[in-house]
Structures are given as C-alpha cells and as structure tokens.
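First comes the structure, then the notes that go with it.
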Amino acid sequence: MEQPQFWFNTRTGQVETDENKGQSKDLLGPYATEAEAAHALDSARRRTESWDEEDRRWNNGDGEDQ
C-alpha cells in the first residue's frame with residue numbers, strides 16, 4: 001500500500017491529502033506527514049531566509065568559491 005502524501009493549501013491554510021487536495025497552484029508539497037505539511041510556510045520561510053543570506057554573502061564577496 002502506498003504511503004499517503006500531505007499537502008499544504010496556501011489559499012485555505014489547511015492540510016490536505018491526495019484524496020481531497022485542491023488545485024496544484026495553491027499547494028505546497030508533497031510532505032510525508034501531516035505535521036510537516038502543517039509547517040510548510042515556516043519551512044519555506046526558513047529556506048528563503050537562508051538562501052537570501054547566502055546571496056548576501058556571495059554578493060559581498062564572502063562566497064566560498066571566490
């Protein structure tokens with residue numbers, strides 16, 4: 001039996017499953033657990049902040065490859 005997947009709907013703010021998920025344009029995921037899906041926006045924010053910091057370091061000449 002296939003493991004269920006969970007999605008976070010950015011329009012409704014609700015966690016959804018494969019059986020009741022909304023339109024793809026509104027979804028983040030898939031996630032392995034309902035808890036991971038529920039924290040999707042926090043995870044996305046942390047990743048974006050990390051990438052922004054990497055970009056700042058790179059643009060300031062602090063990149064490791066320079």
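Atoms considered below: every heavy atom in the structure, side chains included; atoms not considered: hydrogens, waters and symmetry mates.
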- Would you say the side chain of V15 lies within less than 4.5 Å of the side chain of Y31, judging by non-hydrogen atoms? no
- Under 3.5 Å: donor-acceptor pair, side chain of D42, backbone of H39: no
- Task: Starting from the C-alpha separation in whole Å, work towards a yes-or-no answer on side chain to side chain contact (heavy atoms under 4.5 Å, CB included) for T12 and D26.
- Result: CA-CA 9 Å; T12 66; D26 298 325; over 6 Å; no
- Query: N20 and T17: which non-hydrogen atoms are nearest, and at how many Å?
  - Reply: OD1-N, 2.6 Å
- Rounded to the nearest 0.5 Å, what's the gap from CG on L41 to CG on L28? Could you check? 6.0 Å
- Minimum-distance pair of heavy atoms, taken over all atoms of A40 and F8: CB-CB, 3.7 Å
- Item | Distance-minimising heavy-atom pair for F6 and A37 | CB-CB, 3.8 Å
- Item | Audit row: T10, L27, side chain to side chain contact (heavy atoms under 4.5 Å, CB included) steps and yes/no | CA-CA 6 Å; T10 59; L27 301 177; over 6 Å; no
- Is it the case that more than 12 heavy atoms not belonging to Q5 sit under 6.0 Å from its CD atom? yes
- Message: Using a 6.0 Å cut-off, check whether atom CD of Q23 has over 12 heavy atoms from anything other than its own residue.
- Response: no
- Message: Quick check: closest heavy atoms across E16 and K21, and the distance to 0.1 Å?
- Response: OE1-CA, 3.0 Å
- Kindly say whether S50 contributes a backbone atom to a donor-acceptor pair with the side chain of E53 at under 3.5 angstrom? no
